[in-house]
Protein chains: 2
Amino acid sequence: MDDLETRELRYFVAVAEETHFGRAAGRLGIAQPPLSRAIRRLERRLGVQLLDRDRRGVALTDAGRVLLREARAALDAVAAAERRTRRAGDPKRPLVLATKAGASHELLQRLLDELASEPDGAPIEILLCEVGEQARLLRNGRADVALMHRPFDDLAGFDTEDLFVEGQVAILPAVHPLASREQLTLADVRNVPDLPIARWPRLDGSYPDGPGPEVHTQSQLAQLVALGRTLLVIPASSRAWQWPEHVAVPVVDAPDVTTVIAWPPSSHSQAVASLVRSAAGLRGSALGPWAESASP
Amino acid sequence: MDDLETRELRYFVAVAEETHFGRAAGRLGIAQPPLSRAIRRLERRLGVQLLDRDRRGVALTDAGRVLLREARAALDAVAAAERRTRRAGDPKRPLVLATKAGASHELLQRLLDELASEPDGAPIEILLCEVGEQARLLRNGRADVALMHRPFDDLAGFDTEDLFVEGQVAILPAVHPLASREQLTLADVRNVPDLPIARWPRLDGSYPDGPGPEVHTQSQLAQLVALGRTLLVIPASSRAWQWPEHVAVPVVDAPDVTTVIAWPPSSHSQAVASLVRSAAGLRGSALGPWAESASP
DNA sequence: CCGGCTGATACCTGCTGGGTATCACAGTCC
DNA sequence: GGACTGTGATACCCAGCAGGTATCAGCCGG
C-alpha cells in the first residue's frame with residue numbers, strides 16, 4: 001500500500017480541471033497515453049472511480065470532486081514545503097507580503113515606512129493580488145504574510161491579528177443623483193437601475209445571476225467604475241484606489257471591514273513575528289486619517 | 001524544475017526523525033545507500049543544505065528543521081486526500097469521530113444517543129485519542145470530526161462550534177488534607193509537596209523541569225493518580241474518568257474549558273454537517289448535569 | 001456512412017529507484 | 001599504535017515503470 005505521489009495528484013488535478021485528457025496532457029507537457037494510464041492506476045489504487053469517461057470528454061464523480069479539492073490542498077502544502085525550505089536556506093531572504101491591489105493602501109504605506117525605519121529590518125517584497133488570492137499564496141508558500149479583509153477573505157487556517165476596522169463607502173459618478181446624499185443604505189445601492197453591482201465568479205467559476213457586468217479582475221472592475229457602468233461598495237480606505245470623477249458616500253449599514261494581518265500558523269520565523277509586531281504597533285497611531293471617512 | 005515527490009518527503013522525515021541514515025532506511029524498508037542518494041539529490045534540487053553529516057549521525061540545519069515541519073504537514077495533506085477520497089467512494093462510509101479518551105464522556109454519550117435515534121443517521125465510529133492527537137487525525141484524514149478542548153488543543157485551521165463551557169476540578173485522594181476543602185485555587189494546587197503535578201512532553205519530546213513525574217499517555221497518568229502520586233486538574237466533566245478513592249474539588253481560578261466540535265474547513269460532507277448540527281442541538285438541553293459540578 | 005473527435009491499448013525505450021559490495025573516515029578499545 | 005566498529009558515501013548492476021509513438025475503438029455530426 002504505497003502512498004500517492006505528487007505527480008499523480010498533479011496529473012489528476014490537470015485532468016479534472018480540463019475535463020479532457022488531451023488538453024491536460026498538453027498542459028503537463030506529456031503525451032496523452034501515459035496520462036490515461038496514470039489516472040487509471042490512481043483509480044485502481046484508491047479503489048474508487050474518479051472520472052466518468054463519457055466518450056465526449058470526462059466528468060468528475062463525487063469522489064473525484066473530493067480528490068480535486070484535497071489534492072489542491074496537498075499540492076499547495078508540498079509547494080509550500082519546497083518554497084519555505086528554499087527561503088530558509090537563503091541567508092538574505094526577503095519577506096513576501098501579499099496584499100489586495102488597491103486595498104489598505106495607506107496602511108501598507110505606513111507599514112513599509114515603519115519597517116524601513118527599523119534598523120534590523122529584513123527587506124520586504126510586495127505581492128499585489130487579485131481578490132481572494134492571498135490565502136492561496138500563503139498556503140503554497142509564495143507569500144510569508146498577507147493583509148486580508150474580514151469578512152471578505154477566508155481566514156480559516158491562518159493566525160491573524162486585527163489591524164483596524166472601517167466602514168464601507170459607495171463609489172458613484174459625481175454627476176449621479178445618489179452622489180449628493182450624505183449617506184446611503186444597502187437598500188439604496190442595491191438595484192440602482194443604471195448602476196448595477198458587478199458580479200464576481202463563484203469558487204467554481206460560474207457567475208451568479210443578476211443585471212450587473214461580470215468581472216474577475218480588479219482592473220476590469222476599476223475600468224467599469226470609471227466608465228460609470230457599475231456601482232461599487234468598498235472599504236473606506238480603498239478610496240486610495242481612486243477615480244477623479246467619482247465621489248464616495250458612506251453606506252451606513254454595510255458590514256464593517258476589518259483589515260487583518262495573516263500568516264501561516266506554522267511560521268516560526270523571527271522575521272514574520274517582527275513584521276506582525278510592527279504592524280500591530282501601527283494600530284493605535286494610524287487610525288485617524290482613513291477611519292474618519294467611515295464615521296458618519 | 002520538477003516538484004518534490006512525497007517519497008522524498010517521507011525519506012527526509014524519516015532521516016530527520018532518526019538522525020541516522022541506517023535506522024531511517026530500516027524504518028522505510030529500503031537499504032541505506034539509496035536513501036543517502038535520495039536525500040543528497042533533494043538537497044541539490046532545493047539548493048539548500050538540510051543535514052550536517054557529522055561522522056557520528058546527522059544533525060538538522062535550520063532549513064532542515066523548516067522542511068521537517070513543512071514536510072509533515074504536506075504528508076498529512078496527502079494522506080488526507082487519499083483517505084477522504086477512499087471514503088467518498090465507499091457508499092456506507094462510517095463517520096469517524098476523534099475524541100480524547102475519558103474527556104467529555106457524558107456529552108459523547110448523549111451525542112451518540114441522539115444520533116442513534118435519528119432515522120437517517122450515518123454510522124459513527126469513535127476513535128479515542130491521546131492528548132493533542134485529534135488535530136493530527138483531522139489533518140491527515142483519519143478522522144472526519146473531533147471533540148476538542150479550548151484552550152488546551154490547537155484549533156488553528158479547523159472550523160469549530162462551541163458545545164459547552166465548564167470549570168476545572170482538582171482530583172485528590174480522599175484522605176488528602178486538601179480534599180476536604182470546598183474549593184481551591186491554582187496557588188493551592190501548584191507546589192503541593194506530596195502531590196506534584198505531572199509533566200507532559202513538549203512538542204519536541206523533551207520534558208519541562210519540575211518535581212512531578214513524567215507522563216506521556218493518559219493511562220500512565222490515570223495510574224499515577226490512582227497511586228496517589230500526582231495531583232490532577234481537569235475539566236469537571238472528565239470526572240467520568242473516575243477513581244473511586246478520590247474526590248474532585250473545584251479550582252475556582254483555573255481557566256474555563258470549552259468543549260468544541262471541530263472539523264476540517266474543507267469538509268463539504270453532508271454527514272459531517274448533520275453531525276455538527278446534532279451536536280450543537282445538545283448545547284441547550286444537556287448543560288445541566290455536569291456544568292453544575294463546576295459552578296461554586 | 002464517413003471523418004474527426006474522444007480515451008484506451010500495445011509495445012518499445014531509457015531513466016532512475018533500489019539492491020549488493022565496498023570504501024573512507026573517525027572515534028574507541030586493547 | 002593498530003585492529004575494530006560504526007558512520008555515511010561511492011560504484012556498479014538490475015528491473016520496473018514513466019513516457020513516447022503508433023494504433024485501436026467507440027461515438028458523434030454531417
Side-chain angles (χ1 to χ4, degrees), chain A residues 1-61 63-65 67-68 71 75 78 82, chain B residues 1-61 63-65 67-68 71 75 78 82:
Chain A
M1 167 88 42
D2 41 2
D3 260 319
L4 298 183
E5 285 298 329
T6 62
R7 182 171 16 82
E8 305 181 276
L9 295 178
R10 277 201 312 278
Y11 285 6
F12 175 74
V13 169
V15 173
E17 285 179 353
E18 303 283 349
T19 60
H20 190 290
F21 277 79
R23 280 195 300 272
R27 198 175 106 182
L28 293 166
I30 65 170
Q32 170 257 318
L35 180 56
S36 287
R37 256 192 319 168
I39 300 294
R40 194 155 272 286
R41 194 185 38 209
L42 182 60
E43 286 180 313
R44 201 167 40 77
R45 266 228 304 249
L46 291 173
V48 168
Q49 181 147 3
L50 300 170
L51 301 170
D52 284 324
R53 278 82 161 174
D54 190 51
R55 288 287 167 227
R56 207 83 196 163
V58 292
L60 285 170
T61 63
R65 268 183 288 277
L67 182 57
L68 177 57
L75 290 174
V78 172
E82 183 169 348
Chain B
M1 168 84 47
D2 42 3
D3 261 317
L4 300 182
E5 285 298 329
T6 60
R7 182 173 15 83
E8 304 181 277
L9 295 178
R10 277 201 311 278
Y11 286 8
F12 175 75
V13 169
V15 173
E17 286 179 353
E18 303 284 351
T19 60
H20 191 290
F21 277 78
R23 280 195 300 272
R27 199 174 104 182
L28 293 166
I30 66 171
Q32 170 258 318
L35 181 56
S36 287
R37 258 192 316 167
I39 300 294
R40 194 154 271 287
R41 196 185 37 201
L42 182 60
E43 287 180 314
R44 199 167 41 78
R45 267 229 303 248
L46 291 173
V48 168
Q49 180 146 4
L50 300 170
L51 301 170
D52 285 324
R53 277 84 161 171
D54 191 50
R55 285 286 168 230
R56 208 82 194 162
V58 291
L60 285 171
T61 63
R65 268 182 290 276
L67 182 58
L68 177 57
L75 291 173
V78 172
E82 182 168 349

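None of these values were measured; they are calculated from a predicted model.
Atom CG of A:Leu4 sits about 5.5 Å away from atom CG of A:Leu46, to the nearest 0.5 Å. Taking CG of B:Leu42 as the reference point, atom CZ of B:Arg7 lies at 11.0 Å (rounded to 0.5 Å). With rounding to the nearest 0.5 angstrom, the CG atom of B:Leu75 is 7.0 Å from the CG atom of A:Asp3. Taking CZ from B:Arg10 and CZ from B:Arg27, the interatomic distance works out to 11.0 Å, rounded to the nearest 0.5 Å. Of the inter-residue distances, the one linking B:Leu50 atom CG with B:Leu68 atom CG reads 10.5 Å to the nearest 0.5 angstrom. Going from atom CG of B:Leu28 over to atom CZ of B:Phe21 covers 11.0 Å, rounded to the nearest 0.5 Å.
Atom P of nucleotide C:dG7 and atom CD of A:Glu43 are separated by 13 Å, given to the nearest angstrom. Atom CD in B:Gln49 sits roughly 10 Å away from atom P in D:dA9 (whole-Å rounding). Rounded to whole Å, atom P of D:dC17 lies 11 Å from atom CZ of A:Arg45. Rounding to whole angstrom units, CZ of residue B:Arg44 and P of D:dT10 are separated by 12 Å. A:Glu5 has its CD atom 13 Å from the P atom of D:dC17, to the nearest Å. Following rounding to the nearest Å, A:Arg10 (CZ) and D:dA18 (C1') show an atom-to-atom distance of 13 Å.
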message = As a quick check of understanding, evaluate side chain to side chain contact (heavy atoms under 4.5 Å, CB included) for A:Thr19 and A:Leu51, giving each step before the final call.
response = CA-CA 9 Å; A:Thr19 60; A:Leu51 301 170; over 6 Å; no
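Only at 4.0 angstrom or more do the heavy atoms of residues 12-25 of chain B sit from any atom of DNA chain C, so none qualifies. A heavy atom lying under 4.0 Å from DNA chain C marks the following residues of residues 31-40 of chain A, by number: A:Gln32, A:Pro33, A:Ser36, A:Arg40.
Nearest to the side-chain atoms of B:Arg53 among the listed nucleotides D:dA9, C:dG18, D:dG19 stands D:dA9.
Residue pairs meeting the salt bridge (charged side-chain N to carboxylate O under 4.0 Å, His left out) criterion with at least one member in residues 34-43 of chain A, sequence neighbours excluded, are A:Glu43-A:Arg53.
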